[in-house]
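Okay, so here's the structure we're looking at.
All heavy atoms count here, side chains included; hydrogens, waters and symmetry mates do not. In this text, all values refer to a predicted model and were calculated from it rather than measured experimentally.
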Amino acid sequence: MKYIIFVFYFLFLAKSSILAQKSPVFTLVIDAGHGGKDPGKPRSKANLLDEKEINLLISLKLGSMIEHHYENVKVVYTRKTDEYVSLQDRVDITNRYKADCFLSIHGNSSRKKHIYGTQTHIHDQKSWKTNILAEQIDSALQHKAQRVSLGIQDHKDRKQHLFLLKKLTMPSVLVETGFLSHKADEVFLNSEQGQKLITNSLFRAFKNYLDKIKFHSVVRPQLVYKIQITASHKKIPLENELFDPLGVTVEEHFLPEKNDLFPFKYTIGHETEKKAVDKLLDWVRQRGFEQAFIITMRK
Ligand SMILES: [Zn+2]
């Protein structure tokens with residue numbers, strides 16, 4: 001009896017130590033500059049976007065990439081829609097969530113229309129973490145997005161205080177992704193490809209930042225969505241006419257599990273986004289595979 005109690009006690013201890021070791025959560029605030037009545041730099045042509053819209057597109061995409069990649073990074077947005085948020089409210093939101101890091105995303109503008117390139121702003125150089133984040137952003141924009149960098153600037157360099165950077169005490173950076181007053185920069189930032197390059201660079205910079213500050217990040221297992229067309233107790237040749245209506249390559253997976261009489265699974269698709277696989281499922285069902293359904297697999 002004594003022995004059994006001891007075992008239970010031991011299990012209890014083991015369980016509580018697992019809980020105590022739960023990985024820490026890192027909170028990142030992503031701040032899409034401007035919004036609502038404040039467009040930032042307005043579009044130069046009707047078919048282009050205002051600065052506030054470009055900032056939001058990049059912010060949302062970056063946040064979702066980070067959340068998809070890390071299990072223990074929480075992303076907070078100061079805005080997720082086209083709404084006006086005052087600078088003080090942005091500070092309050094960031095402090096309320098006790099953010100570990102703050103990143104503000106902007107597009108630049110100058111009366112000198114020939115000026116182009118990125119700028120990375122910090123308050124001062126006192127915080128080593130802020131310096132690392134700024135260096136990583138500046139470097140990724142140059143090497144990954146092939147942007148020309150106008151450098152990292154603190155309040156002395158620019159002879160001006162930036163309200164957000166001055167008020168916030170955690171590592172904080174404001175990035176100017178290009179000059180919307182410059183023709184080519186504006187076209188680049190309006191293009192999907194340009195936004196993607198900027199987003200990927202900021203993601204890379206953030207990833208490097210976490211590594212350099214030695215944050216114990218937990219990467220999510222990368223899953224892909226597939227459509228299961230059918231399952232069978234024995235192999236079906238992939239050239240079988242059953243698959244003809246699909247006209248695409250069908251994959252075979254052998255997944256023997258206890259009590260599963262149909263271990264051979266036949267799928268199509270390799271999607272990382274739910275929306276895309278939903279669309280694919282509709283397509284498959286329209287081709288007569290009404291029993292098809294979505295499955296997830298490790299990449
Ligand atoms: Zn701005």
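In this structure, Gln222 contributes its side chain and Arg220 its backbone to a donor-acceptor pair below 3.5 Å. The closest donor-acceptor contact from the side chain of Asp124 to the backbone of Lys126 lies under 3.5 Å. Using modelled atom types, no side-chain atom of Arg79 and backbone atom of Arg90 make a donor-acceptor pair closer than 3.5 Å. With hydrogens and angles disregarded, a donor-acceptor distance shorter than 3.5 Å links the side chain of Glu176 to the backbone of Asn108. Between the Asn190 side chain and the Leu48 main chain, no donor and acceptor come within less than 3.5 Å of each other. One N or O on the side chain of Asp157 and one on the backbone of Asp154 form a donor-acceptor pair closer than 3.5 Å. Using a distance-only test at 3.5 Å, with no hydrogens or angles considered, no donor-acceptor pair links the side chain of Asn208 to the main chain of Gln136. With hydrogens and angles disregarded, a donor-acceptor distance shorter than 3.5 Å links the side chain of Asn72 to the backbone of Val218.
Both Phe289 and Trp283 belong to a single network of hydrophobic side chains, linked directly or stepwise wherever heavy atoms of I, L, V, M, F, W or Y lie under 4.5 Å apart. Under the 4.5 Å side-chain heavy-atom criterion for ILVMFWY residues, a single connected hydrophobic cluster contains both Val250 and Ile236. The same ILVMFWY cluster, assembled from side-chain heavy atoms under 4.5 Å apart, contains both Val248 and Ile294. Hydrophobic clustering (ILVMFWY, side-chain heavy atoms < 4.5 Å, transitive): Leu60 and Ile54 are in one cluster. Linking ILVMFWY side-chain heavy atoms closer than 4.5 Å, directly or via other members, places Leu103 and Met170 in two distinct hydrophobic clusters.
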*asked:* Run Ile268 and Thr249 through side chain to side chain contact (heavy atoms under 4.5 Å, CB included) and show every step you take.
replied: CA-CA 7 Å; Ile268 66 159; Thr249 311; over 6 Å; no
Apply side chain to side chain donor-acceptor pair (under 3.5 Å) to the pair His123 and Thr130, showing each step before the final yes or no.
-> CA-CA 9 Å; His123 179 61; Thr130 295; over 6 Å; no
What verdict does the side chain to side chain donor-acceptor pair (under 3.5 Å) test give for Gln153 and Thr120, after you've listed the backbone C-alpha separation in whole Å, the side-chain angles of each residue and the deciding distance to 0.1 Å?
CA-CA 6 Å; Gln153 302 189 349; Thr120 304; over 6 Å; no
- Task: Step by step, work out the side chain to side chain contact (heavy atoms under 4.5 Å, CB included) result for Val29 and Val75.
- Result: CA-CA 6 Å; Val29 169; Val75 177; over 6 Å; no
Verdict with supporting geometry, Phe254 and Lys235, side chain to side chain contact (heavy atoms under 4.5 Å, CB included): CA-CA 9 Å; Phe254 180 59; Lys235 257 178 182 292; over 6 Å; no
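In this structure the side chain of Thr230 reaches within 4.5 angstrom of the side chain of Leu242, judged on heavy atoms. At a threshold of 4.5 Å between non-hydrogen side-chain atoms, the residues Ile30 and Phe102 do not count as touching. For the pair Val224 and Thr296, the minimum side-chain heavy-atom distance is 4.5 Å or more. Side-chain contact between Lys212 and Tyr209 is absent, with no heavy atoms from C-beta onward closer than 4.5 Å. Contact check for Lys74 versus Val76: side-chain heavy atoms found under the 4.5 Å cut-off. Inter-residue side-chain proximity for Leu164 and Val91 is flagged as met; some heavy-atom pair is nearer than 4.5 Å. Residues Ile227 and Thr267 fail the side-chain proximity criterion, which asks for heavy atoms closer than 4.5 Å. Between Val25 and Val73, every side-chain heavy-atom pair lies at or beyond the 4.5 Å cut-off.
Just one residue in the list Lys113, Lys41, Arg147 forms a salt bridge (Lys or Arg N to Asp or Glu O under 4.0 Å) with Asp185, and that residue is Arg147. Among the candidates Ser59, Ser172, Ser104, the single residue satisfying the side chain to side chain donor-acceptor pair (under 3.5 Å) test with Asp31 is Ser104. For the pairing with Thr177, the side-chain contact (heavy atoms from CB on, under 4.5 Å) check across Ile137, Thr118, Ile105 returns one residue only, Ile105.
Taken to the nearest 0.5 Å, the OG1 atom of Thr78 stands 8.5 Å off from the CD atom of Glu83. Summarising the geometry, atom CG belonging to Leu280 is positioned 15.5 Å from atom NZ belonging to Lys275; distances are rounded to the nearest 0.5 Å. Atom CD in Glu192 sits 11.5 Å away from atom CG in Leu197 (nearest 0.5 Å). Considering CG of Leu87 and NZ of Lys166, their distance stands at 13.0 Å, rounded to 0.5 Å. Here the straight-line distance linking atom CD of Gln193 with atom CD of Gln195 works out to 10.0 Å at 0.5 Å rounding. One finds the OG atom of Ser201 at 15.0 Å from the CZ atom of Phe206 (value rounded to the nearest 0.5 Å).
Across all non-hydrogen atoms, the minimal contact from Phe179 to Ser110 is CE2-CB, 3.7 Å. Listed here is the closest heavy atom pair of Phe163 and Gln88: CZ-OE1, 3.4 Å. The minimum heavy-atom distance between Tyr77 and Ser64, with the atom names listed, is OH-N, 3.5 Å. What you find for Phe262 and Asp260 is that their closest heavy atoms are N-OD1, 2.9 Å. Between His233 and Pro263 the shortest heavy-atom distance is CA-CD, 4.0 Å. The heavy-atom pair separating Ser232 from Tyr266 by the smallest distance is CB-CE1, 4.3 Å.
A side-chain donor from one of Glu51 and His34 sits under 3.5 Å from a side-chain acceptor of the other. Using modelled atom types and a 3.5 Å distance limit, the side chains of Asn131 and Glu135 yield no donor-acceptor pair.
Other residues, nucleotides and ligands contribute more than 12 heavy atoms inside 6.0 Å of the NE2 atom of His253. No more than 12 heavy atoms of other residues, nucleotides or ligands shown are found within 6.0 angstrom of CD on Gln291. Atom OH of Tyr97 is surrounded by 12 or fewer heavy atoms from other residues, nucleotides or ligands within 6.0 Å. In Arg204, the CZ atom is not crowded: 12 or fewer heavy atoms of neighbouring residues, nucleotides or ligands sit closer than 6.0 Å. By the neighbour-count criterion of 12 heavy atoms within 6.0 Å, atom CD of Glu257 is sparsely surrounded, having that number or fewer from other residues, nucleotides or ligands. For Glu67, the CD atom counts as densely surrounded, since its 6.0 Å shell holds more than 12 non-hydrogen atoms of other residues, nucleotides or ligands.
One finds no salt bridge joining Lys265 and Glu252 here, because no Lys/Arg side-chain nitrogen approaches an Asp/Glu carboxylate oxygen to under 4.0 Å. Salt-bridge annotation for Asp278 and Lys274: present, with a side-chain N of the basic residue lying under 4.0 Å from a carboxylate O of the acidic one. Salt-bridge formation is detected for the pair Arg43/Glu53: a Lys NZ or Arg NE/NH1/NH2 atom is positioned less than 4.0 Å from an Asp or Glu carboxylate oxygen.
Ring geometry for Tyr116 against His182 counts as tilted: the plane angle lies between 30° and 60°, on a 0 to 90° scale.
Here the two rings, on His121 and His155, have centers that are 6.0 Å apart or farther. Here the two rings, on Phe203 and His69, have centers that are under 6.0 Å apart.
For the pair Lys37 and Tyr84, the distance from NZ or CZ to the six-membered ring centre is under 6.0 Å and the angle to the ring normal is within 45 degrees.
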